[in-house]
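Numbers restart at 1 for each chain; the letters A, B, ... are given by sequence-line order, proteins then strands. Values reported hereafter were calculated over all heavy atoms of this structure, with side chains retained and with hydrogens, waters and symmetry mates removed. Being a predicted model, the structure only gives us computed values, none of them experimental.
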Protein chains: 2
Amino acid sequence: MNAPAIQIDKSAGLPVYLQLAERIRLLVREGELKIGDPMPTVRGLAVELGINANTVARVYRELQAEGLLRLERGVGTFVAEGAGAPMKRADLRAIERAADRIIDLAQGAGMNAFELSQFIETRWKEVRRVKR
Amino acid sequence: MNAPAIQIDKSAGLPVYLQLAERIRLLVREGELKIGDPMPTVRGLAVELGINANTVARVYRELQAEGLLRLERGVGTFVAEGAGAPMKRADLRAIERAADRIIDLAQGAGMNAFELSQFIETRWKEVRRVKR
DNA sequence: ATTATTGTATTAGCATACTAGTACATTAAA
DNA sequence: TTTAATGTACTAGTATGCTAATACAATAAT
């Protein structure tokens, strides 16, 4: 499990570079990518995903600016020290369980993945002001 | 509540026409828009959302092709007869409750709306093969 | 010193997702 | 018949999100 599978959906409507950046952020937050872990090569990942190397480079640079990655020319790209602690396993598990539950409900109601995620984004923005 | 608020996020990365189409599909599925209800005018909605009338027209035409809307030139646009029954209120409520729960968990873990929705989309695709 | 591998940079070009403007066609109401 | 409101159609232009190609620069291994 040295290199977790990074995958994107080129036909998803959402720009590839946003998907890729978000996927990497999530892998770090989940703890699948730990501080110091090597990232795939710019060229290598580009080939693997079937996208352009510049697109990968752009994402890496953006994540470096966020302090999530550390780019070393001639050496490689690594998860940066400033990448913040990953979620607690218990929290992650709880979110996974909650996700499975709502996915189950949504499927039962005839929704698809896109509809559900849109629904949740909308609801998030609506609920934010409640602030419990 | 004749016309439920339709809102989009122009800075969300996701193309406006996809957001708009999805938002309308959801309103119909939730039962907020019922069969026969009038939709906002092409021009009116365009102005309201700050987008081009052609973009709205495109979305309406697409939803008509799906059988969700009925466009009558010179008259207006309406929710079509073939729009299918809305979700049961109980199902909708269950999904809303599940959404509130996972939003709460995600916020607690430091995620944002976009991260959560991406997480759920990814998990949906992963879990699909389990097929319970 | 040489070579292979890495990230960096630049330029050109293309398809998509629009914006903007205008004209037209159909319907209902006056 | 006229008018106002609706959806339809077309053309032109722009910004974004890429693809493609190429060259350069730093590092590590030889």
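- Note on residues 40-55 of chain A: pairs passing side-chain hydrogen bond (donor to acceptor under 3.5 Å, both in side chains), not counting sequence neighbours, are N52(A)-N54(A).
- Every residue two or more places apart in sequence or in another chain that forms a side chain to side chain contact (heavy atoms under 4.5 Å, CB included) with V75(B) is listed here: E72(B), F78(B).
- For the pair T41(A) and dT6(C), the criterion of a side-chain N or O lying under 4.0 Å from OP1 or OP2 is met.
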Side-chain donor-acceptor pairs under 3.5 Å in residues 80-95 of chain A, sequence neighbours left out?
unit_1 : atom_1 : unit_2 : atom_2 : d
E81(A) : OE1    : R70(A) : NE     : 3.4

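- Every residue two or more places apart in sequence or in another chain that forms a side-chain hydrogen bond (donor to acceptor under 3.5 Å, both in side chains) with E22(A) is listed here: R25(A).
- Residues of residues 56-70 of chain B that place a heavy atom closer than 4.0 Å to DNA chain C do not occur.
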Sugar-phosphate means primed atoms, P, OP1 and OP2; the rest is base. With that split, encode nucleotides 21-27 of chain C 5' to 3' as B, S or - using protein heavy atoms under 4.0 Å. B-B-BBB

Distance-only donor-acceptor pairs under 3.5 Å for side chains of residues 6-14 of chain B, two or more places apart:
unit_1 : atom_1 : unit_2 : atom_2 : d
D9(B)  : OD1    : S11(B) : N      : 3.0
D9(B)  : OD1    : S11(B) : OG     : 3.0
K10(B) : NZ     : G50(B) : O      : 2.8

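- Among pairs with a residue in residues 106-122 of chain B, those fulfilling salt bridge (charged side-chain N to carboxylate O under 4.0 Å, His left out) read R29(A)-E115(B), E121(B)-K125(B), at least two apart in sequence or across chains.
- The side chain to side chain contact (heavy atoms under 4.5 Å, CB included) search around R61(B) returns A57(B), Q64(B), not counting sequence neighbours.
- Residues satisfying the side chain to side chain contact (heavy atoms under 4.5 Å, CB included) test with R101(B), not counting sequence neighbours, are L105(B).
- Reading DNA chain D from its 5' end, the first and the last nucleotide to sit under 4.0 Å from a heavy atom of chain A are dG17(D) to dT27(D).
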